[in-house]
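Residue numbers begin at 1 in each chain, while the letters A, B, ... track the order of the sequences.
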Amino acid sequence: MAETTASQKKLVKFIITRQDSPDSASYVEEFEIPYRPGMNVISSLMEIQRNPVNVKGESIAPVCWESNCLEEVCGACSMVINGKPRQACAALIDNLEQPVRVQPMKTFPVVRDLVIDRSRMFNALKRVKAWIPIDGTYDLGPGPRMPEKKRQWAYELSKCMTCGVCLEACPNVNDKTDFIGPAALSQVRLFNAHPTGEMNADERLDALMQDGGIEGCGNSQNCVRSCPKGIPLTTSIAEINKQTTKHMFKQWLGV
Amino acid sequence: MLIFENVVYEKGVRQFMKGYYARKLHSLLGVIPLALFFIEHALTNFGAFEGGPSRFNAGVKLLNDLPLVLVLEVVLIYLPLLYHGVYGLYIAYQAKPNNGRFGYERNLRYLLQRVTGVITFVYVIWHVYETRIQVALGNVTHEQLGSVMHDIVTQPVLFTLYLIGVISASFHFANGIWSFLVSWGITVGPRAQRVSSYICMTLFVLVSIMFVLSLIAFRRVEFQEASVWIDTVKSVLS
């Protein structure tokens with residue numbers, strides 16, 4: 001009984017980097033919230049939302065964040081927790097060193113507090129045509145079949161949730177480069193592996209052989225170490241390196 | 001009209017610099033011819049360790065006896081070196097290292113590749129000035145290069161700088177081969193990249209040892225022979 005009382009009194013300290021608007025300066029605010037078993041960073045932010053009082057006892061505007069699925073498949077709650085970019089919903093407080101430092105992923109424009117704008121990732125998917133065109137003016141019939149063995153590794157690539165963690169971890173994604181980032185490169189490998197998607201493989205490779213394409217990769221390989229879905233991003237990048245190299249020679253020698 | 005052309009030109013240059021082919025050319029030149037030249041240089045220098053001045057001078061003579069030697073130098077060394085070096089500085093400038101947050105081994109090599117690249121760039125300019133440019137200016141002959149090196153590496157500070165230079169260059173060379181293999185899609189999977197890491201880092205150690213041994217060899221008295229003559233030249237120049 002005494003133990004329960006002790007754990008109820010236990011507090012978890014948070015140091016959160018906040019920002020009121022896209023252009024304003026960021027600042028740090030500290031919070032102490034009651035410990036609950038099994039709590040994670042999102043449930044902690046919800047607690048702050050319920051009782052928006054900082055460690056000094058001041059009543060403040062609650063911390064803003066984004067989240068949807070709460071099971072690490074949507075990619076919305078990416079933030080930097082104790083120095084590493086990851087999904088806040090899967091960041092259990094029991095596994096984190098305290099105080100817990102939470103920051104927005106500043107590789108992306110910050111909208112407010114921990115909310116970031118990941119538009120560049122969706123624009124990147126459009127740029128590389130990360131889809132399979134199947135529409136026609138008449139029934140095109142069934143496409144070619146995909147070998148089961150290929151489907152198995154391609155499925156791993158399809159787990160990408162465009163969360164942006166790999167871009168945050170990459171030293172070559174910054175304001176001095178246009179590098180598209182690891183996620184879109186891996187999606188090109190996925191769609192180029194698909195038997196129907198393969199028919200448009202060259203278009204996707206052409207898109208990666210322009211400004212800010214695959215040449216931006218500097219082989220630091222932080223992406224593959226950081227991906228919350230365990231996607232073999234560096235294998236994808238090297239495979240796309242191979243495909244673009246072949247494509248380049250084909251273009252030169254074929255004309 | 002001129003302004004317009006300038007804008008187009010500048011835009012063109014910038015687009016090339018940011019583009020796929022510029023980076024690919026940088027990567028290719030790093031291996032062919034620069035890495036090959038680097039191995040050749042390591043071997044010639046190692047002659048100094050293996051057989052002293054006569055062996056080293058034989059190596060220098062062999063190279064200088066090649067037909068069209070100046071053309072070979074310009075096309076296979078100077079131009080590729082200039083492009084690789086200048087574009088490399090641009091790559092180093094673009095990097096935003098995050099090794100504090102991501103202390104992984106590959107990320108450390110990413111940083112070292114850029115740091116050693118910049119060191120090598122400065123070192124090569126200095127080294128070429130002291131050797132090849134002095135030959136071109138007629139201050140020394142090819143046969144006296146051994147004693148030029150002797151005079152440099154017998155000074156402790158310059159010897160240290162040379163050690164830093166050759167070890168940086170060796171790392172940049174070996175790790176550059178590793179990333180070349182990735183960037184051209186030759187080593188694709190994690191196992192291939194791991195094995196090529198072991199091979200390239202072994203290569204780094206071996207080539208470093210070769211260069212360091214050559215530098216130590218140049219410190220021997222036997223390389224001193226022509227130094228009196230050099231002193232005369234220096235006193236005339238100053």
Does any N or O in the side chain of N174(A) come within less than 3.5 Å of the main-chain N or O of Q94(B), such that one atom is a donor and the other an acceptor? yes
Contact winner vs chain B - [options], heavy-atom pairs under 4.5 Å:
options	answer
V80(A), T244(A), N82(A)	T244(A)
R225(A), E239(A), Q243(A), M248(A)	R225(A)
I237(A), T235(A), T234(A)	T235(A)
G218(A), P85(A), C217(A)	G218(A)

Please determine whether the number of non-hydrogen atoms from other residues, nucleotides or ligands lying under 6.0 Å from atom [atom1] of [X] exceeds 12.
X	atom1	result
K229(A)	NZ	yes
E97(A)	CD	no
F122(A)	CZ	yes
Y78(B)	OH	yes
R101(A)	CZ	no
Y27(A)	OH	yes
R55(B)	CZ	no

Given a strict heavy-atom distance threshold of 4.5 Å, which part of [X] is in contact with chain B: side chain, backbone, both, or neither?
X	answer
S226(A)	side chain
V173(A)	neither
L208(A)	backbone

[X] and [Y]: which non-hydrogen atoms are nearest, and at how many Å?
X	Y	result
S179(B)	N219(A)	CB-ND2, 3.3 Å
P171(A)	N107(B)	CG-OD1, 4.1 Å
T245(A)	Y20(B)	N-OH, 3.6 Å
N172(A)	R114(B)	ND2-NH2, 4.3 Å

Separation between [atom1] of [X] and [atom2] of [Y], rounded to the nearest 0.5 Å:
X	Y	atom1	atom2	result
E215(A)	I91(B)	CD	CD1	9.5 Å
S220(A)	K96(B)	OG	NZ	13.5 Å
K24(B)	N241(A)	NZ	CG	5.0 Å
Y104(B)	Q221(A)	OH	CD	12.0 Å
Q210(A)	Y21(B)	CD	OH	8.5 Å

S27(B), part contacting chain A, at a heavy-atom distance under 4.5 Å: neither
Does any heavy atom of chain A fall under 4.5 Å from the side chain of P190(B), the backbone, both, or neither of them?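 Both parts, heavy atoms under 4.5 Å.
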With a 4.5 Å cut-off on heavy-atom pairs, point out which of Q113(B), R101(B), Q193(B), H26(B) contacts chain A the most.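 So the answer, after comparing Q113(B), R101(B), Q193(B), H26(B), is R101(B).
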Largest heavy-atom contact set with chain A, pairs under 4.5 Å, which of I186(B), L108(B), N98(B): N98(B)
